[in-house]
Amino acid sequence: MSAKLIKGTEIREEILEEITAEVKEIKEKHGVVPGLVTILVGQNPASISYVTLKIKTANRVGFKEIQDNQSETVSEADLLALIDRYNNDDSINGILVQLPLPKHIDEKKVLNAIDPDKDVDGFHPVNVGRLMIGGDEVKFPPCTPAGIQEMIVRAGVETSGAEVVVVGRSNIVGKPIANMMLQKGPGANSTVTVVHTRTRDLAAHCLRADILIVAAGVPGLVKPEWIKPGACVIDVGVNRVGEKVSEKTGKKIAVLKGDVDFDAAREIAGAITPVPGGVGPMTITMLMKNTLKSLKFSLGLA
Ligand code: NAD
């Protein structure tokens with residue numbers, strides 16, 4: 001039997017509508033809306049397209065959006081001064097610096113200069129520490145892992161006591177989602193295993209998983225025979241495996257493939273995310289959620 005599809009595109013719409021309604025209510029009661037600034041340095045085409053999508057989404061949900069474009073040659077000191085200005089601007093609740101930055105700028109220094117209470121990406125060491133502690137300490141869970149957890153919960157998959165296996169140990173996906181799923185609380189309480197390039201028997205670990213989260217960046221890494229019948233499979237991988245002409249626009253677009261052999265896995269899993277249209281749309285959605293949360297913290301509403 002074919003698995004239930006967990007569609008990020010649909011869950012995104014639900015969440016963005018919830019955010020829009022909440023922004024409207026806060027505006028009526030408190031006269032303010034969330035403020036998000038996106039700092040883009042240079043003209044990297046991929047960065048421009050990410051930033052454009054972030055701005056479009058922020059505008060859609062009723063945020064105040066500032067796009068701050070800086071030249072490729074901006075100095076590190078000037079960038080740090082800019083961040084300091086937004087850190088001290090009460091109308092700004094979230095600060096995003098689009099990566100990568102030019103080579104003459106120390107990325108770590110710049111990201112660590114963001115006020116942790118405006119770090120809606122959740123990558124500042126203070127927020128990583130808060131996530132590790134869990135519970136009320138958590139302010140801004142990183143967006144892709146937060147999206148993954150939200151999808152699992154909204155798909156009605158039981159997490160308490162579930163065996164969760166995470167493939168990949170990156171700081172932006174693998175480690176944080178593993179940490180989130182083992183916390184005490186709703187949408188978590190799982191028994192978590194993290195596997196990676198040095199793991200001895202990847203297949204045996206995956207086969208134990210009630211919830212298999214794959215973030216390796218290797219197309220088709222997870223074979224159907226590694227999947228426990230009925231398991232929930234979250235495929236985070238986005239791999240460009242070729243190009244095709246879009247039927248809609250007639251333009252060349254990338255052919256994307258996940259880390260899981262989707263067609264075969266679908267016949268074994270109980271629920272599965274597609275690529276594209278699965279985890280992908282959740283990241284910006286959760287960024288909006290974190291920015292709204294930041295305003296709510298500042299108003300004492302969260
Ligand atoms: P990364 O390269 O930083 O980390 C990949 C991890 O997978 C590493 O820890 C590595 O040990 C592990 N790994 C790689 N090959 C493996 C193998 N053969 N066996 C076992 N483990 C292996 O990648 P990342 O930033 O975590 O991203 C992973 C994938 O998720 C990429 O395809 C990326 O494009 C995608 N991604 C998607 C979103 C989104 O949809 N919003 C967000 C972030 C990342």
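Note that these values count all heavy atoms, side chains included, but never hydrogens, waters or copies made by symmetry. Numbers here simply count residues along the sequence, with the first being 1.
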Quick one: list whatever passes salt bridge (Lys or Arg N to Asp or Glu O under 4.0 Å) with [X], sequence neighbours left out.
{"X": "Lys24", "answer": "Glu28"}
{"X": "Glu72", "answer": "none"}
{"X": "Lys296", "answer": "Glu22"}
{"X": "Lys293", "answer": "none"}

Set out, in order, the CA-CA distance, both residues' side-chain angles and the distance that settles side chain to side chain contact (heavy atoms under 4.5 Å, CB included) for Asp259 and Val167, then state yes or no. CA-CA 10 Å; Asp259 288 351; Val167 183; over 6 Å; no

Which value, rounded to the nearest 0.5 Å, describes the distance between Ile152 atom CD1 and Thr159 atom OG1? 7.5 Å

Only counting residues at least two apart or in another chain, list the ones meeting side-chain hydrogen bond (donor to acceptor under 3.5 Å, both in side chains) with Glu14. Arg154

Share the residues that join [X] in a hydrophobic cluster, the rule being Ile, Leu, Val, Met, Phe, Trp or Tyr side chains under 4.5 Å apart at the heavy-atom level.
{"X": "Val74", "answer": "Val37, Ile39, Val41, Ile66, Leu79, Leu80, Leu82, Ile83, Tyr86, Ile92, Ile95, Val97, Leu99, Leu101, Ile105, Val110, Leu111, Ile114"}
{"X": "Met132", "answer": "none"}
{"X": "Ile133", "answer": "none"}
{"X": "Ile48", "answer": "Leu40, Val51, Ile55"}

Can you pull the salt bridge (charged side-chain N to carboxylate O under 4.0 Å, His left out) pairs that have at least one residue in residues 74-87, sequence neighbours excluded? Glu76-Lys109

Quick one: which residue pairs count as a salt bridge (charged side-chain N to carboxylate O under 4.0 Å, His left out) with a foot in residues 112-134, not counting sequence neighbours? Asp117-Arg130, Asp117-Lys139

Ignoring hydrogens, what is the shortest heavy-atom contact between Phe63 and Val33? Give both atom names and the distance. C-CG2, 4.3 Å

Side chain to side chain contact (heavy atoms under 4.5 Å, CB included) assessment of Lys54 paired with Gln98: CA-CA 10 Å; Lys54 286 173 187 173; Gln98 186 63 48; 2.8 Å; yes

Show every side chain to side chain donor-acceptor pair (under 3.5 Å) that has at least one partner inside residues 29-43, sequence neighbours left out. Glu25-Lys29, Thr38-Glu65

